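Numbering of residues begins at 1 and proceeds along the displayed sequence. Side chains are part of it too, since the values below use all heavy atoms of this structure and drop only hydrogens, waters and symmetry mates. None of these values were measured; they are calculated from a predicted model.
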Amino acid sequence: MTQARPYGGVDAADRLARRRARLLDAGLKLLGSNIDPAELTVRGICREAGVATRYFYESFTDKDEFVAAVFDWVVAGLATTTQAAVAAARPEEKNRAGMANIVQTIERDPRVGRLMFSSQLSNAVVVRKRQESGALFAMLSGQHVETMLRRPANDRIKALAHFVVGGVGQTISAWLAGSIRLTPDELVDQLTAIVDELGEPRLFRD
């Protein structure tokens, strides 16, 4: 099979990866704005990314797959940095570290908050991906509780994990909408205080 030759010192795989990265970044910019996903066009996405339209189909079969890929990319980044922040914190500061990373990420890049939490963005693909990411964060939250309490996984821990993820997500959504008027630091304080209270060991007795 003929191998694609390097162009400008960059091989074909690297060029594809760079174009994909530009498309994903363009997707976050567009989905994190006031544009309805239904109004997105392949031509518009490629124009924002600065690539020719034909390159879109190197990585994505259609717009739905593209929107899902953008969401997965954002969630993976947030999950990675949150896990790192929690792992680096002292035991008594782990909840705060996790909440602070999420809120600070959204504060630095509001596009992330809109894509993951804004109630105004109700595209069917986004809704499905939010449900999937909720399950992911519930799993990570459950693992954190298991480690802190030194208890094996059980349905009580799973129930708490889903409750925390749903509650935090809904609170951040309300904060982004302006229904909750707290500074980012105040929001972190409030979320941390709630989650700390929910860590009461008696909640997990068999």
In the single-linkage hydrophobic clustering (I, L, V, M, F, W, Y; side-chain heavy atoms under 4.5 Å), do [X] and [Y] co-cluster?
X: Val126; Y: Phe137; answer: yes
X: Met99; Y: Val86; answer: no
X: Val188; Y: Leu182; answer: yes
X: Val127; Y: Leu30; answer: no

Distance from [X] atom [atom1] to [Y] atom [atom2], nearest 0.5 Å?
X: Met116; Y: Ile106; atom1: CE; atom2: CD1; answer: 7.5 Å
X: Leu40; Y: Ile45; atom1: CG; atom2: CD1; answer: 5.0 Å
X: Ser118; Y: Ile172; atom1: OG; atom2: CD1; answer: 12.5 Å
X: Asn95; Y: Ile194; atom1: CG; atom2: CD1; answer: 11.5 Å
X: Arg22; Y: Ser59; atom1: CZ; atom2: OG; answer: 12.5 Å
X: Leu160; Y: Ser141; atom1: CG; atom2: OG; answer: 6.5 Å

Listing, residues 65-75 side-chain donor-acceptor contacts under 3.5 Å, not counting sequence neighbours, or none:
unit_1 : atom_1 : unit_2 : atom_2 : d
Glu65  : OE1    : Thr61  : N      : 3.4
Glu65  : OE1    : Thr61  : OG1    : 2.6
Asp72  : OD1    : Lys129 : NZ     : 2.9
Asp72  : OD2    : Lys129 : NZ     : 3.2

Nearest heavy-atom neighbours spanning Lys94 and Ala87: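 Scanning both residues completely, I find the closest heavy atoms to be NZ-O, 3.6 Å.
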Thr82 side chain vs Gly98 backbone, donor-acceptor pair below 3.5 Å: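 No; judged by distance alone, with no hydrogens or angles, the pair does not exist.
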Heavy-atom donor-acceptor pair, Arg130 side chain to Val125 backbone, under 3.5 Å: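 Not a single qualifying donor-acceptor pair exists.
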Trace of the salt bridge (Lys or Arg N to Asp or Glu O under 4.0 Å) decision for Arg96 with Asp196: CA-CA 9 Å; Arg96 175 176 294 279; Asp196 282 348; over 6 Å; no
Under the side chain to side chain contact (heavy atoms under 4.5 Å, CB included) test, residues paired with Val42 that sit two or more places apart: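 Val42: side chain to side chain contact (heavy atoms under 4.5 Å, CB included) contacts with Cys46, Thr53, Phe56, Tyr57, Lys63.
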With Asp185 via side-chain hydrogen bond (donor to acceptor under 3.5 Å, both in side chains) - residues at least two apart: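 Asp185: no side-chain hydrogen bond (donor to acceptor under 3.5 Å, both in side chains) contacts found.
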Sequence-distant partners of Asp109, side-chain hydrogen bond (donor to acceptor under 3.5 Å, both in side chains), two or more places apart: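 For Asp109 the side-chain hydrogen bond (donor to acceptor under 3.5 Å, both in side chains) partners, ignoring immediate neighbours, are Arg111.
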Pairs satisfying salt bridge (Lys or Arg N to Asp or Glu O under 4.0 Å), at least one member in residues 45-62, at least two apart: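 Every pair satisfying salt bridge (Lys or Arg N to Asp or Glu O under 4.0 Å) with a residue in residues 45-62: Arg19-Glu58, Lys29-Glu48.
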Review item, side-chain donor-acceptor pairs of residues 161-170, under 3.5 Å, at least two apart:
none

Thr81 vs Asn101, side-chain hydrogen bond (donor to acceptor under 3.5 Å, both in side chains): CA-CA, chis, key distance, verdict: CA-CA 7 Å; Thr81 59; Asn101 185 74; 2.9 Å; yes
Leu24 vs Phe60 side-chain heavy atoms within contact, under 4.5 Å: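 They are in contact (side-chain heavy atoms under 4.5 Å apart), so the answer is yes.
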Side chain to side chain contact (heavy atoms under 4.5 Å, CB included) between Leu191 and Ile102, worked out: CA-CA 11 Å; Leu191 291 174; Ile102 293 171; over 6 Å; no
